Amino acid sequence: MANSLVIVESPAKVKTIKKFLGSTYEVDASNGHVRDLPKSQLGIDVENDYEPKYITIRGKGDILAKLRKEVKKADKIYLATDPDREGEAISWHLMKALKLDEVKDKKVYRISFNEITKNAVKASLKAPRDIDMNLVDAQQTRRILDRIVGYKISPILWEKVKRGLSAGRVQSAALRMICDREEEISTFIPEEYWSLDAMLKAPGSKKPAAAHFHNDKDGKTEIKSKAELDALLESLKGQKFIVTDIRNGERTKKPPLPFTTSTLQQEASKALNFSTQKTMRLAQQLYEGVDVKGHGTVGLITYLRTDSTRVAEEAEKMASDFIAENYGENYLSQGENTKKNSGKIQDAHEAIRPTNLSLTPVKVKESLARDQFRLYQLIWKRFTASRMSAAVYETTSVKIGAGGNEFTMTASRLKFDGFMSVYIEADEKEEKNQILSKLEKGEELELADLVSAQHFTQPPAHYTEASLVKAMEEQGIGRPSTYAPTITTILARRYVVKENKNIYVTEIGEVVNRIMKQCFPSIVDIAFTANLEYLLDSVGEGLTPWKTIVRNFYPDLMEAVEEAQRTLETVHIADEESDEICELCGRRMVIKYGPHGKFLACPGFPECRNTKPYLEKTGIPCPKCGKEVIIKKTKKGRKYYGCEANPDCDFMSWQKPSTEKCPECGSYMVEKGNKLVCANEQCGFVMPMKENKEEKED
């Protein structure tokens with residue numbers, strides 16, 4: 001009979017951990033938080049020194065009843081929630097909800113592990129501890145501050161703008177960052193500049209190599225107008241191009257750092273086109289445990305919420321043994337590869353890495369879903385590369401003089417691939433390799449052509465999910481666990497929209513940001529929000545009492561709320577009109593947003609209550625009947641493409657159809673990645689898709 005009870009957060013972990021511990025342990029799950037502030041009220045007793053009022057979350061009664069029965073049977077109770085502030089708080093709430101702090105005949109412990117492996121779980125049982133109330137207070141402070149901001153500011157947005165809007169402490173700062181970037185882009189004035197390349201041939205060489213203009217005889221390095229270019233071209237007429245200097249050297253390229261939450265989200269977005277939310281969902285599955293053929297249920301990666309690049313000693317040894325055996329001793333890293341602590345890093349956990357390097361992507365491929373495999377492969381390759389030696393390039397730099405003007409040519413050749421034998425980052429530019437080794441100092445080169453091009457400086461790029469996460473991390477906005485929920489929230493509220501990866505502010509987003517900047521400047525102030533994160537860290541370290549922060553925050557916020565209530569004017573945002581005409585009253589229908597997405601509604605409400613499904617058009621004619629193809633969803637929410645004339649036309653495709661016809665059989669083609677594939681399975685013709693300019697720039 002089991003005499004020890006282990007309580008974890010997720011039911012997915014139960015099977016994995018139970019297998020490690022055997023019959024003397026019962027393992028059960030709390031399914032996340034069991035207590036929270038009530039939804040119907042603020043839940044913070046302002047008059048009683050900001051004491052929070054917690055209640056059991058609706059639907060958790062049965063789970064707690066089951067856990068109480070298990071507690072009665074056990075002698076020892078181990079609270080094994082996630083190894084972060086949130087997990088610490090869940091353990092504390094469990095202790096309160098199950099009244100574990102009142103039992104006298106049982107021992108209650110807190111254990112935590114960074115990976116769900118047999119060794120890690122068993123080691124945690126040998127080192128139990130008490131709940132860390134500093135970490136609990138840090139999480140509690142975050143929750144209370146977020147609740148105060150949300151419950152005090154959101155009603156103003158409902159009253160002055162429209163129902164359904166919300167303000168959040170971190171989301172408002174993130175929205176401010178996006179709006180500021182939009183303003184930079186809209187006010188940007190392009191400046192003209194020119195480039196000039198001399199196409200030069202070495203004696204005996206058939207193909208010319210490009211030498212880039214570096215500076216003129218006065219030391220000026222930029223060509224800012226056509227007039228300056230013409231003057232430069234005039235000064236080059238009849239001039240000899242002589243090699244003035246050749247330098248050979250070596251350049252090393254350092255291996256990348258192992259993933260943190262932020263860098264994993266960024267790289268998965270760039271390399272795999274995953275949203276931050278999808279990346280975290282898949283990483284959670286890999287962490288909690290996957291049934292791997294021949295190994296049973298295994299947690300494949302370490303804990304996924306971390307801002308540290310530190311790696312445990314046993315993992316370092318595992319990596320060095322694996323690399324030496326599979327790649328050779330010369331591929332082993334020569335030094336430690338971690339990021340210096342900037343003060344923003346909590347360093348509570350290791351970097352994200354595989355729990356067992358010998359479980360290579362090839363070995364686990366059959367056991368994983370496609371996207372799980374792609375993410376695991378990315379994590380596996382990145383960590384392996386981070387423990388390998390640097391890549392080495394041979395470099396050649398050549399200076400060429402022509403009438404006092406200077407041109408340069410550079411070339412590099414990969415001498416030793418090092419970590420690049422395993423991993424190359426998604427946005428890595430390919431090294432251009434010109435052969436310059438035959439050139440000699442003083443040698444004259446033949447001018448084949450002078451190639452000039454006009455350019456204009458470009459505005460800052462629109463944020464993508466990846467670049468927004470990077471910017472939030474750099475500014476100290478939020479923490480690893482908050483990046484994905486913050487972006488998901490501002491997308492769900494329609495403050496921003498995503499097109500071709502780029503994030504754009506909507507009219508509602510602009511209005512909300514303007515109100516927040518006008519009435520609650522500190523809430524959207526980047527430095528203020530970042531400073532609050534440092535204060536929360538200080539609470540977690542036991543240096544600052546949590547109520548001190550709330551006592552300083554609440555009165556100032558309430559003063560701003562009362563001022564906004566008095567002075568803020570109502571803002572009217574018109575609903576987006578559609579082309580659909582209401583058949584009941586003849587008005588043009590508008591697009592509304594409900595819990596399940598967009599729908600069409602008559603603007604004559606409440607006199608006319610007509611609503612219709614919103615059919616998102618693609619602008620592509622139906623391959624069967626010629627009417628328009630629209631985007632539809634199945635009952636389970638999966639997207640597909642169908643004809644607007646359904647049920648009269650039964651056209652349906654899981655992939656987006658193209659206007660291109662198959663040159664082989666004449667059938668319609670569909671988009672798959674960056675290729676067009678014939679929809680006729682018997683044909684199977686494949687051709688590259690014409691590049692979308694916007695996507696290419698993104």
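Nothing here was measured: the structure is a model prediction, and the numbers come from that model. Values below: all heavy atoms of this structure, side chains included; hydrogens, waters and symmetry mates excluded.
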Kindly compute the distance separating CG (Leu175) from CD (Glu182), expressed to the nearest 0.5 Å. 10.5 Å
Do Lys617 and Asp579 meet the salt-bridge criterion of a basic N to acidic O distance under 4.0 Å? no
Test side-chain hydrogen bond (donor to acceptor under 3.5 Å, both in side chains) on Tyr423 and Gln377; report intermediate values, then the result. CA-CA 10 Å; Tyr423 176 82; Gln377 180 172 248; over 6 Å; no
Cation-pi check for Tyr151 against Arg147: NZ or CZ below 6.0 Å from the six-membered ring centre and within 45 degrees of the axis, yes or no? yes
Between Asn134 and Glu541, is there a side-chain heavy-atom distance shorter than 4.5 Å? no
Under a 3.5 Å cutoff, is there a donor and acceptor pairing between the side chains of Glu9 and His33? no
Distance alone, cut at 3.5 Å: any donor-acceptor contact between the side chains of Thr355 and Glu115? no
Does a side chain donor of either Gln285 or Tyr376 reach within less than 3.5 Å of an acceptor in the other side chain? no
Closer than 4.0 angstrom, basic N to acidic O: yes or no for Asp525 and Arg176? no
Look at the side chain of Thr261 and the backbone N and O of Leu304, then say whether any donor-acceptor pair between them is shorter than 3.5 Å. yes
Contact check, side chains of Met177 and Gln475, non-hydrogen atoms, under 4.5 Å: yes
The reported gap from CZ in Arg85 to CZ in Arg143 (rounded to nearest 0.5 angstrom) is 15.5 Å
Check the pair Lys547, Asp137 against salt bridge (charged side-chain N to carboxylate O under 4.0 Å, His left out), reporting the backbone distance first and the verdict last. CA-CA 9 Å; Lys547 284 189 178 178; Asp137 286 344; over 6 Å; no
Is the closest side-chain heavy-atom distance between Tyr303 and Ile116 below 4.5 Å? no
Is any NZ, NE, NH1 or NH2 atom of the basic residue among Glu473 and Lys470 found under 4.0 Å from an Asp or Glu carboxylate oxygen of the other? no
State whether a side-chain donor-acceptor pair under 3.5 Å links Thr306 with Thr260. no
Look only at the side chain of Thr302 and the backbone of Arg353, and say whether a donor-acceptor pair between them is shorter than 3.5 Å. yes
Pairwise distance CD(Glu562) to CD(Gln565) - rounded to 0.5 angstrom: 9.0 Å
What about Tyr554 and Tyr50, are their ring centers closer than 6.0 Å? yes
Thr464 (side chain) donor-acceptor with Asn502 (main chain) under 3.5 angstrom: no
For Trp546 and Val539, indicate whether the former's side chain and the latter's backbone hold a donor-acceptor pair under 3.5 Å. no
Main chain of Glu580, side chain of Arg588: is a donor-acceptor contact present, judged purely on distance under 3.5 Å? no
Would Arg35 count as a cation-pi partner of Trp92, with NZ or CZ less than 6.0 Å from the six-membered ring centre and within 45° of the ring normal? yes
Report yes or no: do Asn513 and Tyr495 form a side-chain donor-acceptor pair below 3.5 Å? no
Can you tell me if Arg169 and Thr529 form a side-chain donor-acceptor pair at under 3.5 Å? no
From CA spacing to verdict: salt bridge (charged side-chain N to carboxylate O under 4.0 Å, His left out), Glu425, Lys270: CA-CA 9 Å; Glu425 289 187 72; Lys270 289 184 280 192; 5.5 Å; no
Any side-chain heavy atom of Pro613 sitting closer than 4.5 Å to one from Leu600? no
Are Glu86 and Arg305 close enough that some pair of their side-chain heavy atoms sits under 4.5 Å apart? no
Side chains of Gln265 and Glu465, donor plus acceptor under 3.5 Å: no
Expected output: side-chain Ser538 to main-chain Tyr534 donor-acceptor under 3.5 Å: no
Could you tell me whether the side chain of Asn531 and the main chain of Ala527 form a donor-acceptor pair under 3.5 Å? no
In terms of heavy-atom contacts, does CD of Glu559 have more than 12 from other residues, nucleotides or ligands at under 6.0 Å? no
So for atom CD, which belongs to Gln277, do other residues, nucleotides or ligands contribute more than 12 heavy atoms lying within a distance under 6.0 Å? no
Between Thr187 (side chain only) and Glu183 (backbone N and O only), is there a donor and an acceptor less than 3.5 Å apart? yes
For Ser262 and Gln266, which I'm curious about, is there any donor-acceptor pair between the side chains at under 3.5 Å? yes
Test Asp82 against Lys13 for salt bridge (charged side-chain N to carboxylate O under 4.0 Å, His left out), laying out the working first. CA-CA 11 Å; Asp82 283 350; Lys13 298 178 190 174; 2.4 Å; yes
Tell me whether the rings of Phe553 and Phe528 are parallel (<30°), tilted (30 to 60°) or perpendicular (>60°). parallel
Might you confirm whether atom CG of Asp62 has over 12 heavy atoms from other residues, nucleotides or ligands at distances under 6.0 Å? no
Flag, side chain of Lys60 to backbone of Asn31, donor-acceptor distance under 3.5 Å: yes
If we only count heavy atoms from C-beta on, is the Met589 to Thr611 side-chain gap below 4.5 Å? no
So does Ile549 get a backbone contact from the side chain of Thr141, meaning a donor-acceptor N/O pair under 3.5 Å? no
Between Thr489 and Thr486, do the side chains contain a donor N or O and an acceptor N or O under 3.5 Å apart? no
Using a strict threshold of under 4.0 Å (side-chain N to carboxylate O), is an ion pair present between Glu88 and Arg110? yes
